[in-house]
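Taking it in order: structure first as structure tokens, then the write-up.
Nothing here was measured: the structure is a model prediction, and the numbers come from that model. By convention in this document, chain letters (A, B, ...) are assigned in the order of the sequence lines, proteins followed by strands, and residues within each chain are numbered from 1.
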2 protein chains.
Amino acid sequence: MSGARTERTRGRIDKRQAILDAAFTVFARDGYHAAGVDAIAAGAGVAKHTVYNHFGDKERLFREVVGALADQALARNLAAVELLREDGELTAMLTRTGRALAECYCDERSVALRRLLHAQITTMPDLLGIVRDRAADRVDDALAARLARLALAGRLDLGGRPALAAEQFGALLTGPLEARSRLGTRKVPRAEVREVVDTAAGTFLRAFGTEPAQSA
Amino acid sequence: MSGARTERTRGRIDKRQAILDAAFTVFARDGYHAAGVDAIAAGAGVAKHTVYNHFGDKERLFREVVGALADQALARNLAAVELLREDGELTAMLTRTGRALAECYCDERSVALRRLLHAQITTMPDLLGIVRDRAADRVDDALAARLARLALAGRLDLGGRPALAAEQFGALLTGPLEARSRLGTRKVPRAEVREVVDTAAGTFLRAFGTEPAQSA
DNA sequence: GCATAACTGCACTGGTGAGTGCACTTTAAC
DNA sequence: GTTAAAGTGCACTCACCAGTGCAGTTATGC
């Protein structure tokens with residue numbers, strides 16, 4: 001329905017990108033098996049042969065799509081984590097970071113990536129490794145590092161396990177969002193995201209904070 | 001690999017159950033689309049016609065499998081939640097309940113249910129409703145009710161929102177377990193489950209407890 | 001014992017989709 | 001301008017799979 005990404009037959013170098021975009025759309029909508037290469041080619045405004053010229057076969061195309069989604073997710077998530085600085089009021093900062101992470105998590109592409117991953121994890125077990133290496137692990141590490149710095153500054157008490165604390169902060173966001181978004185089928189209203197993030201930040205600070213609580 | 005559930009052609013009434021069992025195995029292994037009705041029939045030691053006699057078509061069979069999985073998950077999870085009583089030491093109790101819930105979450109059938117749900121949620125959006133009505137929502141409610149009772153007894157301070165606290169306790173378990181089990185593809189070692197559960201209970205009690213902390 | 005309902009085995013249809021072959025056109029490089 | 005690479009359109013093969021038809025078998029109710 002969203003039509004071809006290329007304006008008719010114009011440039012040549014961006015066919016590859018057009019195919020990746022269309023492939024994402026179709027895979028996300030129909031899932032790996034139900035997705036047809038014909039539909040992808042049509043969506044990209046490209047001949048089926050061109051798809052095979054660029055990617056070899058359907059599975060390799062799928063892997064490329066997943067890899068691209070992982071890269072994009074990494075960029076967005078790292079930007080969110082970098083909102084956690086050492087200065088500024090803790091509650092506000094944690095809330096801002098949490099909100100940014102929540103937006104990443106709810107992003108259409110992230111939702112699709114999780115869905116495709118879950119669906120194909122048994123038939124293509126290596127996919128998870130790709131996504132973890134290129135995105136998930138790096139975000140976790142970055143978050144843990146930021147929290148560790150706050151602990152070093154005496155503003156958090158993580159019991160010497162920043163990675164565990166990062167894991168929990170993430171869980172306090174993603175768990176509720178997964179449920180409330182109905183596995184990504186429902187757009188969580190702004191107010192509800194706010195509630196999830198504020199509650200997560202509150203719980204996290206009550207558990208790990210060293211400063212007098214900033215009431216909700 | 002686990003062979004037919006029925007010992008050759010014996011009883012008749014349990015063919016239905018044999019089909020459901022085999023269908024679970026095949027759907028869980030291959031996913032909805034890649035699963036073949038022939039494979040299911042073979043796995044159940046039954047003619048393909050018998051499958052269609054009992055369930056009409058592949059999609060209805062799939063729904064029955066999902067429903068059955070939800071019912072089983074509900075039973076296991078409720079039993080876990082009911083470990084939360086009003087007497088007894090809080091940390092120990094929360095840890096025991098947490099461990100039981102973690103085991104439910106890591107159970108092969110729960111893993112498969114989540115996987116199938118994620119994979120088919122776009123093509124069969126009503127599936128989520130079935131699972132929520134028959135399992136997820138009820139578990140959440142039961143957990144919230146137990147926590148509310150503990151709050152009423154003055155042993156927790158949930159800020160008057162037991163449902164939010166229940167949501168967070170669940171998230172502190174499922175989030176880390178989801179990641180550490182690699183979406184269910186890896187068996188999480190006992191020691192690691194213990195770490196996740198203890199950390200979750202610790203964080204929860206530091207955030208919501210009213211009694212002096214029981215150190216880890 | 002017999003009628004009926006459930007089950008079996010096998011062959012079959014119809015549809016769909018991955019991947020290829022081929023003749024032709026367009027673009028980019030020199 | 002000519003050449004080579006990339007792209008197009010279409011028809012085609014091959015395989016797989018949901019669902020059906022049918023003739024024959026087995027169990028169950030009475």
Side-chain angles (χ1 to χ4, degrees), chain A residues 3-66 116 119-120 122-124, chain B residues 3-66 116 119-120 122-124:
Chain A
R5 284 316 210 299
T6 52
E7 324 275 343
R8 236 59 203 108
T9 314
R10 204 201 53 213
R12 281 275 142 139
I13 217 64
D14 48 9
K15 297 256 146 122
R16 184 187 171 89
Q17 191 55 46
I19 295 170
L20 282 173
D21 290 347
F24 161 72
T25 303
V26 177
F27 281 136
R29 175 169 28 94
D30 302 337
Y32 177 74
H33 266 99
V37 177
D38 296 88
I40 292 170
V46 141
K48 187 155 64 150
H49 256 345
T50 306
V51 175
Y52 284 96
N53 282 341
H54 276 289
F55 298 99
D57 62 17
K58 187 184 175 184
E59 188 169 328
R60 279 220 290 275
L61 171 58
F62 183 70
R63 277 170 212 280
E64 295 273 354
V65 170
V66 168
L116 294 171
Q120 294 311 123
T122 43
T123 48
M124 308 184 200
Chain B
R5 286 311 212 295
T6 51
E7 324 275 346
R8 234 63 202 106
T9 313
R10 203 201 55 214
R12 282 274 142 139
I13 217 63
D14 49 7
K15 296 257 147 122
R16 184 187 170 90
Q17 190 56 46
I19 294 169
L20 282 172
D21 290 347
F24 162 73
T25 303
V26 178
F27 281 136
R29 175 170 28 93
D30 301 338
Y32 176 73
H33 267 99
V37 177
D38 296 88
I40 293 170
V46 140
K48 188 155 64 150
H49 257 344
T50 307
V51 176
Y52 284 97
N53 281 341
H54 277 290
F55 297 99
D57 62 18
K58 188 183 174 183
E59 190 170 326
R60 279 218 290 273
L61 171 58
F62 184 70
R63 278 170 210 279
E64 295 273 353
V65 170
V66 168
L116 294 171
Q120 295 312 122
T122 43
T123 48
M124 309 184 200

Worksheet item: Could you give the angle between the helix axes at the two ends of the helix from C:dG1-D:dC30 to C:dC30-D:dG1, with five pairs per end, rounded to 10 degrees?
Response: 30°
Item to complete: Determine: side-chain N/O of B:H54 to OP1/OP2 of C:dA6, distance under 4.0 Å, yes or no.
Response: no
Worksheet item: Who pairs with A:Y52 by ring pair (Phe, Tyr, Trp, His ring centres under 6.0 Å), at least two apart in sequence or on another chain?
Response: none
Worksheet item: Any idea which of D:dT20, C:dT8, C:dG19 is nearest the B:A47 side chain?
Response: C:dT8
Worksheet item: Between B:D14 (CG) and C:dC7 (P), how many Å, whole number?
Response: 10 Å
Item to complete: Go through the structure and list residues passing salt bridge (Lys or Arg N to Asp or Glu O under 4.0 Å) with B:R60, not counting sequence neighbours.
Response: none
Response to the item:
Sequence neighbours excluded, the answer for salt bridge (Lys or Arg N to Asp or Glu O under 4.0 Å) partners of A:K58 is none
Discussion item. In this structure, how many angstroms lie between the C1' atom of C:dA6 and the OH atom of B:Y52, rounded?
Written reply: 18 Å
Discussion item. Suppose the criterion is salt bridge (charged side-chain N to carboxylate O under 4.0 Å, His left out): which pairs have a residue in residues 37-56 of chain B, not counting sequence neighbours?
Written reply: B:D38-B:K48
Fill in: Sequence-distant partners of B:A39, side-chain contact (heavy atoms from CB on, under 4.5 Å), two or more places apart
B:V26
Practice prompt. Take nucleotides 12-17 of chain C nucleotide by nucleotide from the 5' end and write B, S or -, depending on whether a protein heavy atom sits under 4.0 Å from the base, only from the sugar-phosphate, or from neither.
Written response: ------
Atom pairs, N/O to N/O, protein against nucleotides 21-24 of chain C, distance under 3.5 Å?
residue, atom, partner, partner atom, Å
C:dG21, N7, A:H49, NE2, 3.0
C:dG21, O6, A:H49, NE2, 2.8
C:dC22, N4, A:H49, NE2, 3.0

Response to the item:
Sorted by chain and number, sequence neighbours left out, ring pair (Phe, Tyr, Trp, His ring centres under 6.0 Å) with B:F55 holds for none
Fill in: Whether A:Y32 and A:F27 hold their rings parallel, tilted or perpendicular, with breakpoints at 30° and 60°
parallel
Worksheet, complete the sentence: Separation of D:dG19 atom P from B:N53 atom CG, nearest Å, is 13 Å
Fill in: For A:A119, side-chain contact (heavy atoms from CB on, under 4.5 Å) partners two or more places apart
B:A119
Practice prompt. Please list, chain by chain and in numerical order, all residues satisfying side-chain contact (heavy atoms from CB on, under 4.5 Å) with A:T122, sequence neighbours excluded.
Written response: B:R115
Fill in: Interatomic distance where NZ belongs to B:K15 and P belongs to D:dA27 [whole Å]
9 Å
Discussion item. With a 4.5 Å cut-off on side-chain heavy atoms, are B:Q120 and B:L116 touching?
Written reply: no
Worksheet, complete the sentence: Of the listed D:dG7, C:dC7, C:dG19, the closest approach to the A:T50 side chain comes from D:dG7
Worksheet item: With sequence neighbours excluded, what pairs up with A:D30 under the salt bridge (Lys or Arg N to Asp or Glu O under 4.0 Å) test?
Response: none
Worksheet item: Atom CD1 of B:I19 to atom C1' of C:dA6: distance rounded to whole Å?
Response: 11 Å
Worksheet item: To the nearest Å, how far apart are A:F62 CZ and C:dA18 P?
Response: 13 Å
